[in-house]
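Only this structure's heavy atoms are used, side chains among them; waters, hydrogens and symmetry mates stay out. Below, chain A is the first sequence line, B the second, and so on; all start at residue 1.
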2 protein chains.
Amino acid sequence: MVEHQEKDSGIRPVRADARRNIETILRAAAEVFDTSGVEAPVKLIADKAGVGVGTLYRHFPHRPDLIKAIIQKEVDACAKAALDFAASEQPVEALAKWMQRLVDLVATKRGLGAALHSGNAAYQSLPEYVFSRLTPVLRDLLDAAEAAGSIRRDVNAKELLIACMRVATPASEGDIVQARRMVALMVDGLRFTELNECDNEQRSSTNAIRR
Amino acid sequence: MVEHQEKDSGIRPVRADARRNIETILRAAAEVFDTSGVEAPVKLIADKAGVGVGTLYRHFPHRPDLIKAIIQKEVDACAKAALDFAASEQPVEALAKWMQRLVDLVATKRGLGAALHSGNAAYQSLPEYVFSRLTPVLRDLLDAAEAAGSIRRDVNAKELLIACMRVATPASEGDIVQARRMVALMVDGLRFTELNECDNEQRSSTNAIRR
DNA sequence: TTGCTAAACGGAATCGGATTCCGTATAAAT
DNA sequence: ATTTATACGGAATCCGATTCCGTTTAGCAA
């Protein structure tokens with residue numbers, strides 16, 4: 001769905017009006033999501049785009065398809081940011097800064113977090129994409145910090161990623177500042193060792209596993 | 001709503017059939033929530049209770065009223081558990097253990113977490129109750145650990161509570177073990193100090209505020 | 001026991017929003 | 001200019017939530 005290019009077989013390309021509508025819908029959806037959250041009625045988006053609901057459903061059969069299309073760019077940008085941090089900072093600092101960048105991503109894109117953790121089967125593809133894109137990035141940052149001896153070696157990247165994205169998900173309550181503090185707290189947890197020596201085991205409250 | 005006792009004025013007491021129905025509905029709802037999550041259709045609950053939807057709505061006008069009634073006992077039990085830990089453990093250990101107890105609470109009661117963080121205005125009363133009950137408990141545990149010099153002094157209890165409950169909220173993904181590890185990580189974050197000395201400021205990735 | 005009445009009951013009716021369906025319109029290939 | 005696969009719009013349908021109201025009943029008093 002939403003193929004902008006024809007396959008190299010003899011299939012027709014996407015019609016111009018369709019391509020135009022897809023763009024319009026995406027723009028409208030981004031606006032509506034920002035204003036009313038991801039749970040906003042589909043009709044609202046269709047109306048704002050000046051399009052029938054049928055047209056919207058043709059291009060985005062499931063709501064997550066729409067969200068994913070909007071989020072994709074942001075997620076990619078966040079992934080890229082890791083390279084910059086890694087190049088210009090000490091490993092732990094790069095890690096800490098990227099985690100905050102992650103908070104920005106989740107907190108800014110209203111509903112990304114909610115959609116991500118909804119557990120709804122229809123929303124499968126969204127977490128799949130986000131996690132597959134970001135987990136390796138975090139893994140690399142962790143590896144570097146571990147190699148530098150700055151953090152412990154027993155953390156599962158995806159697990160940490162999920163936890164941080166949850167903490168960062170905005171609610172009626174806490175603003176982004178709270179999310180920042182709590183994510184920073186987790187990074188500090190990575191740096192904590194009983195006697196400030198890494199690689200000791202027998203830790204009272206942890207039993208983490210890598211990968 | 002759901003007043004089991006008459007007020008001391010001359011108001012009539014709740015009728016026996018009503019009281020009976022309320023009990024039946026609560027039992028049915030608990031079952032359905034466990035089986036199908038908090039978003040299960042109201043009709044399902046009414047049917048299982050052998051009651052019309054009208055009756056259900058009479059006693060529980062909003063879904064959170066139902067959830068709250070079910071959860072309340074569990075939350076209270078969790079709050080009480082803190083006293084036991086505080087009595088029998090070192091402060092940090094009491095803190096760590098209670099946090100894990102909290103994970104149990106959220107992870108076990110399917111949908112408590114989801115309902116808690118939904119942000120839906122209709123669900124207001126639930127987070128209000130949960131946080132008002134648990135925040136002081138956590139605050140006490142933190143105070144004790146701080147007094148013992150085991151953790152830093154700059155953490156906001158409610159903020160930490162929210163973050164942990166979010167991390168512990170079960171999803172399609174991570175099981176309870178992951179939640180445990182991540183919450184333990186946050187506790188470790190509390191114990192972390194740049195050079196393992198508490199009360200130093202100028203920390204790279206934190207800027208917490210108390211209360 | 002027998003009314004009497006306020007409270008409670010059940011479920012039909014109503015109200016959205018989501019999703020599907022299909023007759024009409026049109027881009028683009030010939 | 002003709003053809004036809006695509007795409008379009010929005011009416012129709014579906015489904016769960018919520019309301020409404022005629023009927024039933026618990027509890028009180030005579």
Should A/Met99 and A/Leu95 count as side-chain neighbours, where that means a heavy-atom distance under 4.5 Å? yes
Salt bridge (charged side-chain N to carboxylate O under 4.0 Å, His left out) partners for A/Arg101, two or more places apart: none
Among residues at least two apart in sequence or on other chains, which ones pass salt bridge (charged side-chain N to carboxylate O under 4.0 Å, His left out) with A/Asp84? none
Does A/Asn21 make a side-chain N or O approach to OP1 or OP2 of D/dC8 shorter than 4.0 Å? yes
Rounded to whole Å, the CG-P distance (B/Leu66 to D/dA17) equals 12 Å
Write down the distance between CG (B/Asp47) and C1' (D/dG16), rounded to a whole number of angstrom. 13 Å
According to side chain to side chain contact (heavy atoms under 4.5 Å, CB included), who are the partners of B/Val51, at least two apart in sequence or on a separate chain? B/Asn21, B/Ile25, B/Ala49, B/Thr55
Would you please confirm or rule out a distance under 4.0 Å between OP1 or OP2 of C/dG10 and any side-chain N or O of B/Thr55? yes
Could you give the distance from CG (B/Leu185) to CZ (B/Arg180), rounded to the nearest 0.5 Å? 15.0 Å
Please report the distance, rounded to the nearest Å, between CG in A/Asp65 and P in C/dA18. 15 Å
Rounded to the nearest 0.5 Å, what separates atom OG in A/Ser36 from atom CD1 in A/Ile45? 9.0 Å
A/Lys109: partners by side-chain hydrogen bond (donor to acceptor under 3.5 Å, both in side chains), with sequence neighbours left out: none
Rounding to a whole Å, what distance do you find between A/Leu56:CG and C/dG17:P? 16 Å
Atom NE2 of B/His62 and atom NZ of B/Lys68: how far apart are they, to the nearest 0.5 Å? 11.5 Å
A/His59 vs D/dC8: side-chain N/O to OP1/OP2 distance below 4.0 Å: yes
Close residues, residues 27-44 of chain A, relative to DNA chain C [heavy-atom separation under 4.0 Å]: A/Pro41, A/Val42
Summarise protein proximity over nucleotides 21-30 of chain C in one line of letters, 5' to 3': B for base, S for sugar-phosphate only, - for none, counting protein heavy atoms closer than 4.0 Å. -----BSS--
